[in-house]
Number of protein chains: 2
Amino acid sequence: MKIALDAMGGDYAPRINVEGALLAVQKSGIPVILVGDQPKIQKELRRSHFSTNLIEIIHASENIGMHEKATESLRSKKNTSMGVALELLRDHKVDAVVSPGHTGAFMALSTLVLKRLPGIERPAIAGCIPTLKGSAVMLDLGANVDCKPSQLVQFAVMGSLYAKIVEKHENPKIGLLSNGEEESKGNELTRQVHQILKTKNLNYVGYVESKEIFKGRVDVVVCDGFTGNIFLKTIEGALSTTASLLKQEIGKRPFSKLLVGMFYLLFKDTLHSLGRRFDYAEYGSAPLLGLNGVVHVCHGRSSSKAIKNAILTASKSVETKFLESLKQELETLL
Amino acid sequence: MKIALDAMGGDYAPRINVEGALLAVQKSGIPVILVGDQPKIQKELRRSHFSTNLIEIIHASENIGMHEKATESLRSKKNTSMGVALELLRDHKVDAVVSPGHTGAFMALSTLVLKRLPGIERPAIAGCIPTLKGSAVMLDLGANVDCKPSQLVQFAVMGSLYAKIVEKHENPKIGLLSNGEEESKGNELTRQVHQILKTKNLNYVGYVESKEIFKGRVDVVVCDGFTGNIFLKTIEGALSTTASLLKQEIGKRPFSKLLVGMFYLLFKDTLHSLGRRFDYAEYGSAPLLGLNGVVHVCHGRSSSKAIKNAILTASKSVETKFLESLKQELETLL
């Protein structure tokens with residue numbers, strides 16, 4: 001197995017990308033190909049004082065900046081780190097691609113280079129949401145703001161298989177995100193999807209409310225990318241506000257300064273670690289499902305640990321032969 | 001001023017409703033009319049040992065149960081506590097109605113009895129979301145799952161005026177809930193609304209991400225009821241899961257049992273109080289905007305304190321002559 005990393009994508013490239021790749025190699029022994037500006041990457045590798053023959057560099061002269069317009073960059077730039085990495089995957093030189101670069105550009109370029117799987121209209125970003133029972137696979141988290149019912153059905157099939165094969169959930173329960181559990185709830189889109197999912201040979205359990213996701217009521221949550229994105233960012237906002245308000249509240253308590261300080265330290269660490277559990281980018285497992293190849297996106301502000309985790313998660317997809325199973329399943333289920 | 005309370009609506013009626021009314025009367029001196037089953041209400045009043053001439057009972061023989069189908073109940077029941085209360089408002093016998101009963105039935109019945117304001121297609125549920133700077137008015141929180149662009153524009157006008165007049169935000173900033181702040185973000189619905197809002201004489205500041213709401217970036221958040229409901233329930237779920245996970249985490253720390261116990265007590269109280277700040281039902285301020293009358297909904301599981309708060313919040317709407325201002329504003333702005 002070999003994994004290609006877009007070494008120039010993301011806010012802290014190439015330094016954090018190179019560090020992440022080295023961490024992954026040290027941890028797993030899986031060879032990583034760094035794609036991007038060779039001199040810059042080499043400079044970062046020299047900084048690390050860690051010598052390995054598991055890291056290879058493949059040069060790409062251009063890079064898509066985080067704030068560029070995806071469509072324009074794709075037209076004008078022909079030799080980007082992202083594009084070269086995806087071509088390596090298309091040509092079977094590597095088994096997966098990981099990129100913390102521009103998500104929109106990565107989506108578009110992946111679709112262009114790798115093509116969609118038969119029966120899939122649009123790829124979706126899947127993420128692992130922590131629950132009291134472990135985690136649930138949720139999709140789409142932001143790739144498709146407006147979805148057709150057929151697309152959500154495809155997300156259900158892909159998410160369910162990802163939960164089963166990569167995340168090892170046995171016979172995963174699929175829920176459709178809605179504003180209530182009763183059949184009379186939902187909006188126009190979910191009501192149509194609900195009717196179709198009931199007829200499919202899937203372990204579909206019906207509507208799920210957002211608060212029930214955290215309790216682990218289902219293993220797969222299906223929603224459009226607009227709603228999924230609002231869900232994720234609401235968690236982020238609620239938790240960081242809670243941390244700030246907790247700090248204020250604690251300041252009001254009649255404890256000694258020392259005790260308050262200790263309390264805060266404890267609160268802070270724990271909340272930060274919980275925050276990270278909720279941040280799909282931070283722990284790196286956001287596969288782009290529906291393409292003919294294993295591709296994983298990371299947040300633009302990923303840490304080296306997040307990059308490492310993304311590489312390891314992508315390797316799990318490869319190892320478990322997820323893509324092969326998905327192709328077979330799609331023929332039966334769609 | 002007089003306020004009518006649906007004494008039979010909600011999960012704990014009539015006991016909690018009567019207690020809430022008494023708390024409101026004691027606190028504010030505003031007369032409250034309890035509408036519902038007279039003998040049952042009288043029994044609860046006798047329990048309280050609090051004698052006041054500010055409480056009046058108006059009998060209504062029927063009640064809409066929390067799990068009934070709204071449309072069927074409205075057809076078959078003609079003398080419900082909800083309906084009689086709304087008729088009092090229509091006939092100018094009271095100035096506002098508060099109900100912790102079946103929200104769908106209350107919405108439908110309010111629209112039937114009071115009628116919509118000119119220019120308003122659908123009433124919306126507004127709520128106050130706590131932020132680091134105070135609070136923001138958000139609507140719709142669940143009344144309308146599928147919205148037309150024109151409806152969201154109407155929500156913006158109503159929410160903005162409510163924030164200004166009742167919540168005392170000076171020149172309130174209006175944001176449209178979206179998956180990113182750039183103009184290129186949003187879905188089909190928000191993109192259309194964005195274009196219309198830009199042309200209106202409103203303090204519209206553009207798209208707002210859900211995490212930014214908590215920071216107090218805007219004073220009014222506009223969204224469809226499906227998204228608003230998911231937003232609210234995500235907060236609820238994230239906070240209660242955080243509380244549970246905190247408990248687990250704390251259990252792992254190498255502190256003495258006593259200290260852990262103290263920590264947990266502190267966490268628990270603070271998180272519960274934060275949770276309540278986020279629960280629009282608990283603090284009772286969820287006006288139904290767009291009707292020709294002041295009506296406030298409460299959660300079916302409201303506490304007596306929540307009922308009290310709902311009555312006081314409704315009285316603020318009456319006191320500030322919000323409805324009169326709204327009628328004027330609608331003529332100019334829509």
Side-chain angles (χ1 to χ4, degrees), chain A residues 69 104 130-132 142 144-147 177-180 184-191 209-215 223-242 244-246 248-250 253 255 259 262-263 266-267 269-271 273-275 277-278, chain B residues 69 104 130-132 142 144-147 177-180 184-191 209-215 223-242 244-246 248-250 253 255 259 262-263 266-267 269-271 273-275 277-278:
Chain A
K69 283 218 160 178
T131 71
L132 292 177
N144 311 283
V145 285
D146 290 296
C147 290
L177 184 60
S178 184
N179 61 330
S184 59
K185 297 281 182 174
N187 60 12
E188 224 177 279
L189 175 66
T190 65
R191 278 194 291 262
E209 287 188 297
S210 50
K211 64 181 174 185
E212 297 295 320
I213 295 172
F214 302 104
K215 295 185 190 158
C223 61
D224 66 75
F226 185 83
T227 312
N229 190 277
I230 300 239
F231 173 83
L232 266 192
K233 286 178 181 159
T234 303
I235 299 173
E236 194 184 333
L239 291 187
S240 71
T241 309
T242 304
S244 304
L245 290 174
L246 270 173
Q248 284 175 16
E249 290 274 325
I250 290 162
R253 306 258 163 170
F255 286 103
L259 209 53
M262 283 170 62
F263 279 142
L266 186 65
F267 279 125
D269 286 5
T270 310
L271 280 166
S273 101
L274 289 173
R277 281 194 63 182
F278 276 114
Chain B
K69 282 217 162 179
T131 70
L132 292 178
N144 310 283
V145 286
D146 290 296
C147 290
L177 184 60
S178 183
N179 61 329
S184 60
K185 297 282 182 172
N187 61 13
E188 225 176 278
L189 176 65
T190 64
R191 278 193 290 263
E209 287 187 299
S210 51
K211 63 181 176 187
E212 298 295 321
I213 295 172
F214 303 103
K215 295 184 190 159
C223 61
D224 66 75
F226 184 83
T227 313
N229 191 277
I230 299 232
F231 173 83
L232 267 191
K233 286 179 180 158
T234 303
I235 298 174
E236 194 184 332
L239 291 187
S240 71
T241 310
T242 305
S244 304
L245 290 174
L246 270 173
Q248 285 176 14
E249 291 273 325
I250 290 163
R253 307 257 163 170
F255 285 102
L259 209 54
M262 283 170 63
F263 279 142
L266 185 66
F267 280 125
D269 287 4
T270 309
L271 280 166
S273 100
L274 289 173
R277 281 193 62 182
F278 277 115

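Sequence lines set the chain letters: A, B, ... in the order given, protein chains first and strands last, and positions in each chain run from 1. Only a predicted model underlies this, so the values are computations on that prediction, with no experimental measurement involved.
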Could you grab the distance from atom CD1 of B:Ile235 to atom OG1 of A:Thr234, nearest 0.5 Å is fine? 6.5 Å

Which one of A:Gly225, A:Gly180, A:Ser178, A:Cys223 has the most heavy-atom pairs closer than 4.5 Å to chain B? A:Ser178

Distance col, row A:Asn187:CG vs B:Thr227:OG1, nearest 0.5 angstrom, shows 8.0 Å

Which bit of A:Ile213 comes within less than 4.5 Å of chain B, counting heavy atoms only: side chain, backbone, both or neither? neither

Rounded to the nearest 0.5 Å, how far apart are CZ of A:Phe214 and CD of B:Glu236? 10.0 Å

In Å, rounded to the nearest 0.5 Å, how long is the span from CG of A:Leu232 to NZ of B:Lys211? 10.0 Å

Any heavy-atom pair between the side chains of A:Thr190 and B:Phe226 that's under 4.5 Å? yes

Residue A:Glu188 versus chain B: region with a heavy atom under 4.5 Å: both

One should read off an interatomic distance between B:Thr241 OG1 and A:Leu239 CG, to the nearest 0.5 angstrom, of 9.0 Å

Got A:Ile230 and B:Ile230 here, is their nearest side-chain heavy-atom distance under 4.5 Å? no

When rounded to the nearest 0.5 Å, the distance separating CG of A:Asn229 from OG of B:Ser210 is 7.0 Å

With sequence neighbours excluded, residues passing salt bridge (Lys or Arg N to Asp or Glu O under 4.0 Å) with A:Lys185: none

